[in-house]
Amino acid sequence: MVEGKVCPATGLMLVSTTWQTAFRIQGTGFPPISAPLRDSGSSRMSWNRFDIPGETVYFADKALCAYQEVLAQFKRKLGVADPLAKDADALGLSLEEFYDAVASEWEEKHFMSSGTLPRKWREDRQLHIVSMPQHGWWVHIEDPESICALERAIPDVLLDSGISALDTADLRSQNRLLTTSVAEHLASTKLFDGSLPLGIIFSSRHGSGINYAVWKQASKGPLMNRTDEMEVLASKPISFRDPDLETAARLFGLTVF
């Protein structure tokens, strides 16, 4: 249960950024607290849920939650046979032998929805523990107070996105025109104390914890660097025997190499 207070200026449910630690999985070729720059003129279909034009960085309150968020794309769809097993059978190899002999050089895109997590995925990433900002406010976007406030504040945006009555299913959906437009509105909304929100707090669709979307920098309007107070406390390679990785893999039915 996330406790907060209703903003008297906006009606949004706000959660104070008391000292917290969070988890992030990031490729080793990038700074831990960084994300792709989004251009307002580009298609939003490839954006993450609460991205805004500029840079949005995501974190989770638990390592398991962080793993589930990034591993969901590898989960095999129900009723679909293992695509790698077919290739392995054609070569007379077991799945493990096929991976070691052939698939270890494949790009990650070949493993999407395959039910298999390649070794290279682990080797190319680290798990980071980060201290979150100590001052400011998160918008608790799934709270009914926030949903009501959004309906009052941006009815045209919602209607343009095909939404006539907003609910949490919409906010968790793949409708990127909706979710990114809502985020863009919130990022520029002045709160009761004159500040802008640090970002959004929202529940994981996989039920494992709480996520944070931090608006590090906007591409237009006032500079919004939300990560000045954030610090990487620890970074570690992703081990085959990481208990949180093992749990996420079990829940998603993944074979981890």
Side-chain angles (χ1 to χ4, degrees), residues 20-36 46-50 56-130 132 172-174 201-213 232-257:
Q20 302 153 318
T21 57
F23 297 83
R24 176 168 174 79
I25 295 169
Q26 176 74 311
T28 54
F30 303 94
I33 306 175
S34 67
S46 62
W47 290 21
N48 293 316
R49 195 187 313 181
F50 296 120
T56 305
V57 191
Y58 292 82
F59 302 88
D61 69 336
K62 302 180 182 69
L64 173 60
C65 184
Y67 277 120
Q68 286 195 289
E69 291 297 323
V70 296
L71 294 182
Q73 60 190 328
F74 294 99
K75 185 178 180 180
R76 192 187 312 158
K77 302 295 188 291
L78 292 175
V80 176
D82 188 336
L84 298 183
K86 181 179 179 180
D87 293 331
D89 289 341
L91 295 175
L93 301 173
S94 68
L95 187 60
E96 290 77 9
E97 291 170 335
F98 174 77
Y99 178 83
D100 288 336
V102 180
S104 60
E105 300 302 320
W106 286 5
E107 296 180 7
E108 287 178 18
K109 64 182 180 181
H110 293 105
F111 292 90
M112 300 306 177
S113 303
S114 71
T116 302
L117 185 68
R119 183 184 299 113
K120 184 172 174 54
W121 185 92
R122 293 188 296 105
E123 294 173 345
D124 288 349
R125 287 165 177 78
Q126 287 187 314
L127 175 65
H128 304 283
I129 303 174
V130 178
M132 302 296 270
R172 298 182 183 187
S173 74
Q174 299 299 317
I201 184 172
F202 59 102
S203 298
S204 168
R205 291 191 301 124
H206 309 292
S208 54
I210 297 295
N211 291 317
Y212 302 87
V232 178
L233 302 176
S235 301
K236 65 177 183 177
I238 297 178
S239 168
F240 178 79
R241 294 301 182 190
D242 184 313
D244 291 301
L245 174 61
E246 288 184 324
T247 299
R250 176 180 59 80
L251 293 172
F252 285 168
L254 299 180
T255 300
V256 179
F257 286 101

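Being a predicted model, the structure only gives us computed values, none of them experimental.
You'll find the side chain of Q68 reaches within 4.5 Å of the side chain of L64, heavy atoms only. Using a 4.5 Å cut-off on side-chain heavy atoms (C-beta onward), H206 and L251 make no contact. In this structure, F74 and P118 have side chains that are in contact, with non-hydrogen atoms separated by less than 4.5 Å. Two residues are said to be in side-chain contact when any heavy atoms from C-beta on lie closer than 4.5 Å; L245 and L117 meet this criterion. Within the 4.5 Å cutoff, the side chain of F23 has heavy atoms near those of the I129 side chain. The side-chain heavy atoms of M132 and Y212, taken from C-beta on, include a pair separated by under 4.5 Å. Contact check for D244 versus L127: no side-chain heavy atoms found under the 4.5 Å cut-off. Between P32 and R24, every side-chain heavy-atom pair lies at or beyond the 4.5 Å cut-off.
Between the side chain of Q26 and the backbone N or O of I33 there is no donor-acceptor pair closer than 3.5 Å. Looking at R125, its side chain never comes within 3.5 Å of a backbone N or O of I238 through a donor-acceptor pair. Y58 places a side-chain N or O within donor-acceptor distance of the main-chain N or O of F50, the cut-off being under 3.5 Å. Of the possible donor and acceptor atoms, none in the side chain of R119 sits under 3.5 Å from a partner among the backbone N and O of F240.
The distance from atom CD1 of I25 to atom CG of L71, rounded to the nearest 0.5 Å, is 6.5 Å. With values rounded to the nearest 0.5 angstrom, R241 atom CZ is found 8.0 Å from S239 atom OG.
Between Y67 and W121, the angle of the ring planes lies from 30° to 60°, which puts this pair in the tilted group.
Residues E123 and T28 share a closest heavy-atom pair of O-CG2, 4.4 Å. Smallest separation of non-hydrogen atoms from R172 and S203: NH2-CB, 3.5 Å. Of all heavy-atom pairs spanning K62 and G209, the tightest one is NZ-CA, 4.1 Å.
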Evaluate side-chain contact (heavy atoms from CB on, under 4.5 Å) for I210 paired with F202, printing each intermediate quantity in order.
CA-CA 6 Å; I210 297 295; F202 59 102; over 6 Å; no

Worksheet item: Can you check side-chain contact (heavy atoms from CB on, under 4.5 Å) on N48 and T56, steps first, answer last?
Response: CA-CA 9 Å; N48 293 316; T56 305; over 6 Å; no

Applying side-chain hydrogen bond (donor to acceptor under 3.5 Å, both in side chains), run through Q126 and S235 and close with a yes or a no. CA-CA 6 Å; Q126 287 187 314; S235 301; 4.6 Å; no

Query raised in the report: Can you list the steps and then say if N211 with R49 is a side-chain contact (heavy atoms from CB on, under 4.5 Å)?
Result: CA-CA 11 Å; N211 291 317; R49 195 187 313 181; 5.6 Å; no

